Amino acid sequence: MSEKIKITLPDGSERQYDRGVTAMDIAKDISEGLARNVLSAKVNGEVRDALRGIDKDARLELLTWNNEEGKATMWHSSAHLMAEALEALYPGVKFGIGPAIESGFYYDVDFGDQQFDSENLKQLEDKMLELARQKNEYLRKEVSKTDALAYFQEKGDEYKLELIDELEDGTITFYTQGNFTDLCKGPHIPNTGFIKAAKILSVAGAYWRGDESKKQLTRLYGITFPKQKELNEHLEMLEEAKKRDHRKIGQELDLFTFSQKVGKGLPLWLPKGAILRERLENFLKKAQVKAGYDQVVSPHIGGKELYVTSGHYAKYGEDSFQPIRTPAEDEEFLLKPMNCPHHCEIYKSRPRSYKELPIRYAEFGTVYRYEQSGELHGLTRVRGFTQDDAHIFCRPDQVKEEFAKVIDLILYVFKALGFADFTTQVSLRDPDNPGKYIGKDEDWERAEAAIQEVANEKGLKTVVETGEAAFYGPKLDFMVKDALKRSWQLGTIQVDYSLPERFELEYTGSDNLKHRPVMIHRAPFGSLERFVAILIENTAGNFPLWLAPEQMSILPISEKYHDYAKEVFLLLQQKDIRGQVDERDEKIGKKIRDAEVKKIPFMLIVGEKECEERTVSVRAHGHGDQGSMSLNGFVDHFQGLVDELLK
RNA sequence: GCCUCCUUAGCUCAGUUGGCCAGAGCAGCGCACUUGUAAUGCGCGGGUCGUUGGUUCGAAUCCGACAGGAGGCUCCA
């Protein structure tokens, strides 16, 4: 069998190998160093074991720790390693599923009568590393369904039996490393020796197959790395994430609070948090006016029929906050879960001509949605929140231009708020399932093409996801990475063919016939609550200067300089610079410390020298003494910094 | 909603196997000090130990219910 096959590498180069060559052989052929890092391989687009033979011409990509897929392979293999360690420590445990996840892996375990508690984590980690050092290979084996069932019957693992039951004979594979064999489609890393560091992160309950009626298993979350150093860095990052938790910083900086009496999931904004919100709103309003939006206002409740028409009643009605009834007329109103139906009615308030399109209605609309109590989380998951909502009603031929304009607006917002690292996702319809979608084929085609063209023209880093579109239209989502490389979904732009249909929206065209407009929903922030939470976690509470609730604090050295301090305060107030005079009877060191802890960007120290020279001694948060400046000098410096971000 | 864990002063936390009037630091209030780049000193007030039943001679501590919070509840072998 010395037949040759052709292997094409990602750089386009081609090499000849004997049939049955493995990705690992090829890696070794390229360089030993590469071979030491190969975790798995992508063969003609399919991720496979690096040790599995290739039997026909193929495109080959070697996957290492630097690829997401390589990491996933390693983590999935780590789940097996953890299972092996568990089986060694707790004979007779049964296993559910154990996949790799975005950051690590988990395995669902049924400990039966045995106890597992968090004190045993270290022991488990040590066992994993002990087994890893044995460098056991992950061996793949195809098994018949009968044999597979027999194996787990023998083992008494009803979960695996249930899984196998749903699989087709002839497609079933087992993987074995060391003393542990698991049902698994793979792929896996070559051997356990690649795993050099392991940490079990948390223990949680999880229903078998996510079904409340089924047994609850113990889910162990873990993560592994090829180097101890990387694990340490990861743990430091988790620590840092805890410090940046918006719930903690929100309390420390007096931004928001919750009250049992008001109700869970219903945030109360404290004065400083309210300034933050207001600044964000004004900032966006100003940008939207420039971009041709009209501000509208709609009430917090709406007649039930409104939402029946829009289709939201079906989605939010039954399992949601129940309708409010008027006592005399017995009319029903719903707390509004969405602003769009109201905006549709505004559009319908009079006949529209093609000449006035696009119409762009913007509103900071507060909406209420019932979230299950277990889903609530700080400001990111709440029951009442304010969307920076807007709806653009346009002609089908205007979709592209409107999309481009919205993208510009979102990019401007991201820049002003310091989100430099982001990607976008275009969601298109599933071509195999056209019946699922509402709207004309030609409109979809035009809109989908337009979105992709604009995204390219704007140079966005874009992933295209086919089949991810909503039934009512394609969309573009923005995902930002925060300072800790965590990904958050923020802005979204969605085309909607459904609501114009449901509300029978129309405009008169140049042909004097009635046409249906296209609606575009968009929200750069998503919701103010969620956005503030992300902003807090991204900046650790060190907000951009223009947003900071307190931009400066004037710190008099002693009581003697209070008058001068107040004079400075009034002058800065006129220049729209927010802050306060720290008139407390404290030493300057204490005042500085408190201002630093509150993350106030500028501290202006005034004593005898400043008073005489009519200057301020400037200290910048986190950067120490900046020397003294004249009053106008400081104002110019300050405004220069703000303009830099907002231009 | 369900599972696990948590709830002691405004905040962060002590409180040993259930046993004298429940403690500390910070914050607050009062007094003294009149201060030069990350905490001046002294004093004072503040808690029905989440709520509510129970066990006990005796409960912050043990058990139950409820409320609130945290983590999790397919990212599919």
Side-chain angles (χ1 to χ4, degrees), chain A residues 72 75-76 79-80 83 95-108 116-118 143 148 152 157 159-168 171-175 181-186 201-221 242 245 247-248 251-252 254 257-265 319 370-378 555-562 584-598 600 603-611 617-628:
Chain A
W75 284 333
H76 184 197
H80 281 231
F95 297 100
I97 59 166
I101 54 176
E102 199 178 299
S103 183
F105 58 90
Y106 68 78
Y107 219 126
D108 286 344
F116 182 85
D117 57 75
S118 31
V143 290
F152 283 103
D157 190 328
Y159 307 105
K160 295 291 177 188
L161 289 172
E162 190 179 322
L163 292 170
I164 295 168
D165 211 37
E166 292 165 12
L167 297 173
E168 211 160 302
T171 65
I172 300 171
T173 52
F174 276 8
Y175 274 82
T181 297
D182 201 356
L183 167 73
C184 184
K185 70 178 167 196
L201 295 166
S202 67
V203 183
Y207 297 105
W208 171 234
R209 318 213 102 177
D211 184 341
E212 288 173 20
S213 68
K214 303 227 166 101
K215 182 160 182 187
Q216 186 146 20
L217 307 177
T218 305
R219 176 168 295 181
L220 296 171
Y221 284 90
K242 253 191 214 166
D245 191 312
R247 294 164 298 183
K248 183 171 143 69
Q251 186 189 54
E252 285 167 358
D254 297 318
T257 189
F258 288 89
S259 140
Q260 285 193 30
K261 281 200 175 118
V262 171
K264 54 184 164 184
D319 299 321
Y370 175 78
E371 301 283 355
Q372 292 194 92
S373 56
E375 299 283 350
L376 300 173
H377 179 88
L555 315 179
I557 297 283
S558 85
E559 214 175 326
K560 287 187 243 169
Y561 313 109
H562 281 190
R584 292 174 308 161
D585 191 8
E586 293 288 354
K587 289 202 191 301
I588 194 68
K590 170 70 168 165
K591 292 183 184 180
I592 287 170
R593 183 186 149 76
D594 287 349
E596 289 280 359
V597 168
K598 288 284 180 192
I600 297 170
M603 285 149 274
L604 306 178
I605 294 150
V606 295
E608 187 169 358
K609 185 165 144 276
E610 289 76 15
C611 197
S617 177
V618 179
R619 182 185 165 102
H621 171 61
H623 297 287
D625 196 350
Q626 307 286 298
S628 69

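Quick note: numbers below take in every heavy atom, side chains included, and nothing from hydrogens, waters or symmetry partners. Every chain is numbered from 1, with letters handed out A, B, ... down the list of sequences. Computed from a prediction, not measured in an experiment: that's the story for all the values here.
Here the nucleotide nearest the side chain of Ser373(A), chosen from rA38(B), rG1(B), rU35(B), is rG1(B). The side chain of Arg219(A) lies closest to rC73(B), out of rA77(B), rG71(B), rC73(B). Nearest nucleotide to the side chain of Leu167(A), out of rU37(B), rA77(B), rG72(B): rA77(B). The listed nucleotides are rG72(B), rG1(B), rU37(B); the one nearest the side chain of Gln372(A) is rG1(B). With rU37(B), rC73(B), rG68(B) as the choices, the nucleotide that has an atom nearest any side-chain atom of Lys264(A) turns out to be rG68(B). Taking only side-chain atoms of Glu375(A), from C-beta outward, the nucleotide of rU37(B), rC73(B), rC75(B) with the closest atom is rC73(B). Between rU35(B), rC73(B), rG36(B), one nucleotide has an atom nearer to the side chain of Lys609(A) than all others, and that is rG36(B).
Using a 4.0 Å heavy-atom criterion, one finds that Glu166(A) contacts no nucleic acid atom at all. Among the atoms of the strands shown, only primed sugar atoms or phosphate atoms (P, OP1, OP2) are found under 4.0 Å from some heavy atom of Arg247(A). At the heavy-atom level, Leu183(A) lies under 4.0 Å from base atoms of the strands shown. Residue Ile557(A) is classed as a base contact, given a heavy-atom separation below 4.0 Å to a base. Residue contacts shown for Ser103(A) are absent, as no nucleic acid heavy atom lies under 4.0 Å away. In this structure, Lys560(A) reaches the sugar-phosphate backbone alone: every heavy-atom distance under 4.0 Å involves primed, P, OP1 or OP2 atoms, never a base. Among the protein residues, Tyr159(A) comes within range of no part of the nucleic acid, since none of its heavy atoms lies under 4.0 Å from any strand.
Judged by distance alone with a 3.5 Å cut-off, a donor-acceptor contact links the side chain of Arg619(A) to the base of rA38(B). The base of rG36(B) is paired with the side chain of Glu610(A) by a donor and an acceptor separated by under 3.5 Å.
Distance noted for atom P between rC66(B) and rA27(B): 41 Å (whole Å). Taking the C1' atoms as reference points, rG19(B) lies 14 Å from rG15(B), given to the whole Å. Distance check on atom C1': rA22(B) versus rA14(B) gives 11 Å, rounded to whole Å. Comparing the C1' positions of rG18(B) and rC57(B) gives an interatomic distance of 12 Å, to the nearest angstrom. Of the C1' atoms belonging to rA9(B) and rC13(B), the separation is 11 Å, rounded to the nearest Å. When the C1' atom is used for both rG58(B) and rC31(B), the distance is 43 Å, rounded to whole Å. With P as the reference atom, rC29(B) and rG45(B) are 16 Å apart, rounded to whole Å. With C1' as the reference atom, rA59(B) and rU52(B) are 14 Å apart, rounded to whole Å.
A donor-acceptor contact shorter than 3.5 Å is absent between the side chain of Lys185(A) and the backbone of Ile172(A). For the pair Lys591(A) (side chain) and Pro556(A) (backbone), a donor-acceptor distance under 3.5 Å is present. At distances below 3.5 Å, not a single donor-acceptor pair connects side-chain atoms of Ser617(A) with backbone N or O atoms of Ser628(A).
Secondary-structure stems of RNA chain B, taken as three or more successive Watson-Crick or G-U wobble pairs (i with j, i+1 with j-1) under a 3.5 Å distance threshold, comprise B:1-7 with B:67-73, B:10-13 with B:23-26, B:28-32 with B:40-44, B:50-54 with B:62-66.
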Legend entry - From CA spacing to verdict: salt bridge (charged side-chain N to carboxylate O under 4.0 Å, His left out), Glu596(A), Arg619(A): CA-CA 10 Å; Glu596(A) 289 280 359; Arg619(A) 182 185 165 102; 2.8 Å; yes

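The shortest distance between the side-chain N/O atoms of His377(A) and the OP1/OP2 oxygens of rG71(B) is below 4.0 Å.
Considering all non-hydrogen atoms of both residues, Ala148(A) and Ile164(A) come closest at O-CD1, 3.7 Å. Nearest heavy-atom pair, Thr181(A) versus Phe152(A), reported as atom, atom and distance to 0.1 Å: O-CZ, 4.3 Å.
We find the CD-NZ distance between Glu371(A) and Lys264(A) to be 12.5 Å, quoted to the nearest 0.5 Å. How far CD1 of Ile588(A) is from CG of Leu555(A): 5.0 Å, rounded to the nearest 0.5 Å.
Between Ile172(A) atom CD1 and rA77(B) atom P there is a gap of 13 Å when expressed in whole angstrom units. One atom, CD of Glu252(A), and another, P of rG10(B), lie 18 Å apart when rounded to the nearest Å. Spacing between atom NZ of Lys598(A) and atom C1' of rC26(B) amounts to 12 Å, rounded to whole angstrom units. Atom pair Phe258(A):CZ and rG69(B):P shows a separation of 8 Å (rounding to whole Å applied). If you measure from atom NZ of Lys160(A) to atom C1' of rC76(B), you get 11 Å, rounded to the nearest angstrom. The CG atom of Leu217(A) sits 13 Å away from the P atom of rU4(B) (whole-angstrom rounding). The distance between atom CD of Gln626(A) and atom P of rG36(B), rounded to the nearest whole Å, is 21 Å. To the nearest angstrom, C1' of rG68(B) lies 11 Å from CG of Leu376(A).
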Inset, instruction - For nucleotides 39-50 of chain B, just jot down a letter per nucleotide in 5' to 3' order: B, S or -, based on protein non-hydrogen atoms under 4.0 Å. - result: BB----------

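Along RNA chain B, the nucleotide nearest Gly622(A) and the nucleotide nearest Asp182(A) are compared for position; the residue whose nucleotide lies closer to the 5' end is Gly622(A). Map Val618(A) and Glu559(A) each onto its nearest nucleotide of RNA chain B; the residue landing nearer the 5' end is Glu559(A).
With sequence neighbours excluded, the residues forming a side-chain contact (heavy atoms from CB on, under 4.5 Å) with Ala100(A) are Ala72(A), Trp75(A), His76(A), listed by chain and number.
Ion pairing between a basic and an acidic side chain is recognised when a charged N comes within 4.0 Å of a carboxylate O; Asp594(A) and Lys590(A) show such pairing.
Checked options Tyr221(A), Phe95(A), Tyr159(A); the residue passing with Tyr107(A) is Phe95(A) (criterion: ring-ring contact (aromatic ring centres under 6.0 Å, His included)). Shown are Lys248(A), Arg247(A), Lys242(A); of these, the salt bridge (charged side-chain N to carboxylate O under 4.0 Å, His left out) with Asp245(A) is made only by Arg247(A).
Within a 6.0 Å sphere centred on CD of Glu166(A), heavy atoms belonging to other residues, nucleotides or ligands number more than 12.
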